[in-house]
*Asks:* 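First the structure, then my questions, so here it is.
Just so it is clear, the values below take in all heavy atoms, side chains as well, and ignore hydrogens, waters and symmetry mates. Naming: A, B, ... by sequence-line order, numbering from 1 per chain.
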Amino acid sequence: MPELPEVETIRRTLAPHLLGQVVRAVQLLTPSVWRGRDPADLVGRCVTALDRRGKHLLISLDGSPAVVLHVHLGMTGRLVFLPPGAPVPERHVHARFSFDGGELYYQDTRRFGYLELLPGGAVDRHPRLRLGPEPLDADFTAGVLQGMLAGRRAPVKAVLLDQHILAGVGNIYADEALHRAGVHPLRPAGDLSQREVEALRDALREVLEEAISARGTTFSDYRDGEGQPGQFVAHLRVYGREGEACPNCGTPVARERLGGRSTYFCPRCQK
DNA sequence: AGACCCCTGCTG
DNA sequence: CAGCAGGGGTCT
């Protein structure tokens with residue numbers, strides 16, 4: 001579920017509740033979702049930062065040495081902060097973190113996500129966090145994207161989805177960016193013209209920024225850090241819209257499978 | 001690039 | 001009942 005815009009929205013909505021707060025207790029209800037050091041090691045530590053890398057959330061806590069709680073939400077993961085008295089989630093709650101101002105719940109219906117407690121420091125060298133560049137960083141230029149695509153025969157969409165090459169783009173935003181750029185998802189990555197690479201770079205940044213502004217895309221499961229759904233589903237142009245009119249040209253949106261996943265595109269606008 | 005795996009729930 | 005779902009991993 002959560003791609004870059006959703007994780008960024010969760011980060012922003014959790015930050016005011018967690019920064020400067022001390023973990024008073026941790027309850028791990030489903031041990032299999034936990035990796036790394038003992039969760040009890042969190043108790044007494046203060047949250048010093050919330051960061052995002054791609055689709056990964058990194059919660060830094062103080063201490064000597066400091067630690068980082070690494071969260072990946074998979075398809076259906078949620079991280080929701082609730083003040084005292086708020087209705088308590090009941091289904092698929094796997095962990096609960098108590099703070100003076102409320103409780104942080106980790107839920108995940110399908111359990112594809114995980115929580116991992118890492119030593120602080122060079123977290124980006126950790127195997128699961130060896131990711132490609134951030135598409136919203138200022139130095140993600142058309143030249144950088146060109147370098148990612150050059151010489152590859154794989155479909156351009158498959159390259160966009162590869163987190164080791166580019167961080168944070170998932171099935172929804174890959175399809176949306178390719179549509180905006182007018183590029184067919186099955187085109188061999190290395191065949192794109194310079195003009196197409198520039199359009200794709202701009203489209204990726206635009207769609208990710210707009211989705212963050214709309215607080216993410218909610219089909220069913222996704223919620224932000226305060227339990228609220230995102231609004232970007234109303235802005236989707238092709239994703240999940242098989243048979244509906246392309247907003248550009250009116251041609252029915254097509255769906256094909258790529259690597260076992262649905263791919264939506266306009267057969268007329270995307271060559 | 002594809003198949004299969006992880007897991008639960010919803011839809012047709 | 002089969003098929004599908006925003007994540008990723010591993011193995012051909």
*Asks:* Do Arg153(A) and Asp191(A) sit within salt-bridge range, that is, some charged N less than 4.0 Å from a carboxylate O?
*Replies:* yes
*Asks:* Check whether the side chains of Glu176(A) and His235(A) place a donor and an acceptor atom closer than 3.5 Å, and report yes or no.
*Replies:* no
*Asks:* Near DNA chain B, counting only heavy atoms under 4.0 Å, which residues of residues 150-163 of chain A show up?
*Replies:* Arg153(A), Ala154(A), Pro155(A)
*Asks:* Over how many whole Å does the gap from Arg130(A) atom CZ to dG8(C) atom P extend?
*Replies:* 17 Å
*Asks:* As a quick check of understanding, evaluate side chain to side chain contact (heavy atoms under 4.5 Å, CB included) for Val33(A) and Tyr106(A), giving each step before the final call.
*Replies:* CA-CA 10 Å; Val33(A) 305; Tyr106(A) 175 71; 4.2 Å; yes
*Asks:* Does a side chain donor of either Ser262(A) or Arg255(A) reach within less than 3.5 Å of an acceptor in the other side chain?
*Replies:* yes
*Asks:* Are OP1 or OP2 of dG8(C) and a side-chain N or O of Lys55(A) less than 4.0 angstrom apart?
*Replies:* yes
*Asks:* Using the ring of each side chain (for Trp, its six-membered ring), is His92(A) parallel, tilted or perpendicular to His94(A), with breaks at 30° and 60°?
*Replies:* tilted
*Asks:* Using the C1' atom on both, measure dC5(B) against dC1(C) and round to a whole Å.
*Replies:* 22 Å
*Asks:* Reading nucleotides 5-10 of chain B from the 5' end, what letters show protein touch, with B for base, S for backbone sugar-phosphate only, - for no heavy atom under 4.0 Å?
*Replies:* -BBBS-
*Asks:* Is it the case that the side chains of Gln231(A) and Arg215(A) hold a donor-acceptor pair, with the cut-off being a distance below 3.5 Å and no angle test?
*Replies:* no
*Asks:* What is the separation between atom CZ on Arg35(A) and atom P on dG9(C), rounded to the nearest whole Å?
*Replies:* 9 Å
*Asks:* Closest heavy-atom contact between Leu118(A) and His70(A)?
*Replies:* CD1-CB, 3.9 Å
*Asks:* With a non-hydrogen cut-off below 4.0 angstrom, is Ser262(A) in contact with a base, only sugar-phosphate, or nothing?
*Replies:* sugar-phosphate
*Asks:* Could you tell me whether Arg195(A) atom CZ has more than 12 heavy atoms of other residues or ligands within 6.0 Å of it?
*Replies:* no
*Asks:* Ignoring hydrogens and angles, answer whether the base of dG7(C) and the side-chain atoms of Thr76(A) contain a donor-acceptor pair closer than 3.5 Å.
*Replies:* no
*Asks:* Any carboxylate oxygen within less than 4.0 angstrom of a Lys/Arg side-chain nitrogen, looking at Arg180(A) and Glu210(A)?
*Replies:* yes
*Asks:* Do Arg261(A) and dG8(C) share a donor-acceptor pair, side chain to base, under 3.5 Å?
*Replies:* yes
*Asks:* Verify the contact: side-chain N or O of Tyr239(A) to OP1 or OP2 of dG6(C), cut-off strictly under 4.0 Å; return yes or no.
*Replies:* yes
*Asks:* Would you mind reading off the distance between Met75(A) atom CE and dG9(C) atom P, rounded to a whole angstrom?
*Replies:* 14 Å
*Asks:* Listed by chain and number, what are the salt bridge (charged side-chain N to carboxylate O under 4.0 Å, His left out) partners of Arg201(A), not counting sequence neighbours?
*Replies:* none
*Asks:* What integer distance in Å separates Phe219(A):CZ from dC4(C):P?
*Replies:* 16 Å
*Asks:* Does Glu8(A) pair with Arg11(A) as a salt bridge, N-O distance under 4.0 Å?
*Replies:* yes
*Asks:* Glu6(A) CD to dG6(C) P: how many Å, rounded?
*Replies:* 12 Å
*Asks:* Would you kindly give the CG-to-C1' distance between Leu73(A) and dA5(C), to the nearest whole Å?
*Replies:* 16 Å
*Asks:* So Tyr264(A) and Tyr239(A), would you call those rings parallel, tilted or perpendicular, with 30° and 60° as cut-offs?
*Replies:* perpendicular
*Asks:* When rounded to the nearest Å, what value does the distance between P atoms of dA2(C) and dC4(B) take?
*Replies:* 15 Å
*Asks:* Would His72(A) and Glu116(A) count as a side chain to side chain donor-acceptor pair (under 3.5 Å) here? Give the steps.
*Replies:* CA-CA 9 Å; His72(A) 189 87; Glu116(A) 181 173 37; over 6 Å; no
*Asks:* Rounded to whole angstrom, note down the P distance from dG8(C) over to dG9(B).
*Replies:* 22 Å
*Asks:* Could you write out DNA chain C as dot-bracket? Rules: Watson-Crick or G-U wobble, both distances under 3.5 Å, brackets [ ] for crossings, | for pairs with another strand, dot for unpaired.
*Replies:* |||||.||||||
*Asks:* Starting from C1' on dG2(B), measure out to CG on Leu258(A) and report it in whole angstrom.
*Replies:* 10 Å
*Asks:* Can you tabulate the close N/O pairs, meaning under 3.5 Å, that link protein atoms to atoms of nucleotides 10-12 of chain C?
*Replies:*
none

*Asks:* Give me the distance, rounded to whole Å, that separates dG3(C) from dA3(B) when you measure between the P atoms they each carry.
*Replies:* 14 Å
*Asks:* Please state how far atom CD1 in Ile165(A) lies from atom P in dG8(C), giving the value in whole angstrom units.
*Replies:* 13 Å
*Asks:* What heavy-atom pair brings Glu3(A) and Val169(A) nearest, and what distance separates the two atoms?
*Replies:* OE1-C, 3.9 Å
*Asks:* Could you list the residues that satisfy salt bridge (charged side-chain N to carboxylate O under 4.0 Å, His left out) with Arg111(A), not counting sequence neighbours?
*Replies:* none
